Amino acid sequence: MDKKKQNDEWKRHGAQALWAFLTNSYLSGFAQGKIYKGKLKNLCVPGLNCYSCPGALGACPIGALQAVIGSWNFKFAFYAAGFLMFTGALCGRFVCGWLCPFGFVQDLLHKIPFPKKIRVFRGERLLRKLKYVIFAVFVLLLPLFLVDIIGQGQPYFCKLICPAGTLEGGIPLVLLNQSMRSALGWLYAWKMALLAMTVFLSVVIYRPFCKYICPLGAVYSVFNPVSVFRYRVDKTACIGCGICADVCRMQVDPAKNANHPECIRCGACKKACPVGAIR
Amino acid sequence: MWKRKSEERRNERPGAPLPAGMFLAVLGLAMMGFGICRGEMAVVMEKAVNICMECIGIG
């Protein structure tokens with residue numbers, strides 16, 4: 001990758017860092033080991049950003065969805081689902097590429113040198129469908145049907161899978177609170193193991209969590225082909241050189257389908273196109 | 001066949017937003033409004049302002 005392309009990528013990382021800071025700027029939370037309790041927490045943020053992060057100013061949309069579905073008096077979450085639909089229909093997985101703090105962490109981790117980075121492997125295409133299963137089972141079905149005596153379900157995705165919650169909320173809060181340290185058990189160990197695995201895999205594979213696990217990416221991916229802001233390929237200008245497909249780390253071929261569900265709109269293809277056919 | 005035609009139509013009008021995208025965005029806004037009206041925001045707020053023990057791996 002030449003210097004100009006690296007600079008362009010760092011511009012995107014700058015935007016990701018700025019957004020992550022803006023949405024996690026309750027700095028006294030990090031100092032005191034507490035979380036923000038103000039009215040902004042009513043609002044969802046577009047990316048996967050745990051609301052138990054000490055700095056978080058908004059609510060995680062996947063957490064919000066499970067909270068409402070799992071509550072005893074509501075069985076569908078119009079607010080969170082509407083938010084996901086609105087954001088997805090507006091910009092699709094642009095959120096993954098630019099506005100998700102956990103995506104940003106994975107981007108940075110993938111910059112760590114490793115002897116053999118993996119682009120594709122056997123069964124990779126099928127594994128990408130796993131995120132839809134996780135969304136259906138852990139975000140929708142389990143909180144809805146696996147309920148306690150008063151009809152309340154738990155946020156099973158957050159509880160059993162989400163490594164973003166462990167990284168953004170679990171580690172800082174446990175480090176800053178003695179009482180929490182004494183309450184640690186197998187669940188924390190399990191979630192730390194999942195986080196460690198995600199960190200290691202992110203060094204080797206580009207954004208493994210986004211590709212295979214993330215339910216938020218699964219939702220936004222459905223809207224990618226129809227979103228208001230999307231890529232367009234000028235077929236008359238395209239020379240079919242294949243450079244766009246080569247530079248795509250989500251293994252999309254923009255010349256064939258510029259708004260593929262897996263495209264996170266990082267802009268690498270757009271910048272690499274020698275004839276400027278992708279807009 | 002239908003898919004190819006719609007793709008061609010999109011390329012003819014490269015700057016125009018897709019009607020389906022616009023419709024879904026409006027529908028999403030309407031759903032948000034409905035959810036807020038029936039009090040879902042309070043549930044989100046209650047969850048978000050208390051430390052989520054499940055999220056951090058304790059509860």
Side-chain angles (χ1 to χ4, degrees), chain A residues 34-39 41-42 44 50-52 56 58-60 63-64 67-68 71 73-74 77-90 154-156 158-159 162 165-166 169-170 173-174 180 183-185 187-192 223 226-230 232-235 279, chain B:
Chain A
K34 290 177 180 168
I35 63 168
Y36 171 71
K37 291 178 183 283
K39 286 194 173 169
K41 275 269 172 88
N42 273 309
C44 291
C50 185
Y51 38 39
S52 286
C60 170
V68 178
S71 70
N73 48 346
F74 297 114
F78 284 96
Y79 171 57
F83 175 81
L84 292 175
M85 188 182 279
F86 172 71
T87 312
L90 210 60
Q154 292 187 13
Y156 285 97
C158 302
K159 182 174 180 173
C162 187
T166 316
L173 287 175
V174 163
M180 282 188 191
L184 299 183
L187 185 61
Y188 193 79
W190 163 250
K191 290 201 72 185
M192 283 300 286
F223 295 99
V226 293
S227 63
V228 173
F229 297 104
R230 65 192 194 284
R232 292 168 184 91
V233 177
D234 184 348
K235 298 275 184 195
R279 282 175 267 167
Chain B
M1 182 72 171
W2 177 84
K3 203 176 173 187
R4 200 184 306 151
K5 272 189 180 170
S6 80
E7 190 65 37
E8 281 165 11
R9 227 175 292 138
R10 274 181 227 170
N11 288 332
E12 281 166 19
R13 302 179 302 132
L18 281 183
M22 299 288 278
F23 171 74
L24 289 171
V26 173
L27 183 64
L29 276 179
M31 282 170 67
M32 280 172 75
F34 180 66
I36 292 167
C37 287
R38 67 179 202 150
E40 289 177 17
M41 230 179 191
V43 180
V44 174
M45 183 69 171
E46 194 191 332
K47 186 77 182 167
V49 297
N50 294 299
I51 291 175
C52 168
M53 291 301 184
E54 296 95 340
C55 305
I56 64 170
I58 293 180

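It should be emphasised that the depicted structure is a prediction, and the values quoted were computed from it without experimental measurement. These numbers come from the heavy atoms of this one structure, side chains and all, not from hydrogens, waters or symmetry mates.
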Identify each donor-acceptor pair in which a side-chain atom of residues 44-59 of chain B lies under 3.5 Å from a protein atom, sequence neighbours left out, and give them as a table.
from, atom 1, to, atom 2, distance (Å)
B/Lys47, NZ, B/Glu54, OE1, 3.3
B/Asn50, ND2, B/Glu46, O, 2.7

Quiz item: So which of A/Gly58, A/Gly169, A/Pro155 has the largest heavy-atom pair count under 4.5 angstrom toward chain B?
Solution: A/Pro155
Exercise. Check each atom of A/Phe223 against the heavy atoms of chain B and say whether the ones under 4.5 Å are side chain, backbone, both or neither.
Key: side chain
Quiz item: Can you name the residues that form a side chain to side chain contact (heavy atoms under 4.5 Å, CB included) with A/Thr87, not counting sequence neighbours?
Solution: A/Pro46, A/Phe83, A/Cys91, A/Val95, A/Tyr220
Exercise. Measure A/Met180 against the heavy atoms of chain B and call it side chain, backbone, both or neither at under 4.5 Å.
Key: both
Quiz item: With a 4.5 angstrom heavy-atom cut-off, which part of A/Lys37 approaches chain B: side chain, backbone, both or neither?
Solution: both
Quiz item: Just wondering, do B/Met32 and A/Phe78 contact through their side chains at under 4.5 Å, heavy atoms?
Solution: no
Quiz item: Based on non-hydrogen pairs under 4.5 Å, which of A/Tyr188, A/Phe229, A/Tyr36 is most in contact with chain B?
Solution: A/Tyr188
Quiz item: With a 4.5 Å limit on heavy-atom distance, are the side chains of A/Tyr79 and B/Met31 in contact?
Solution: no
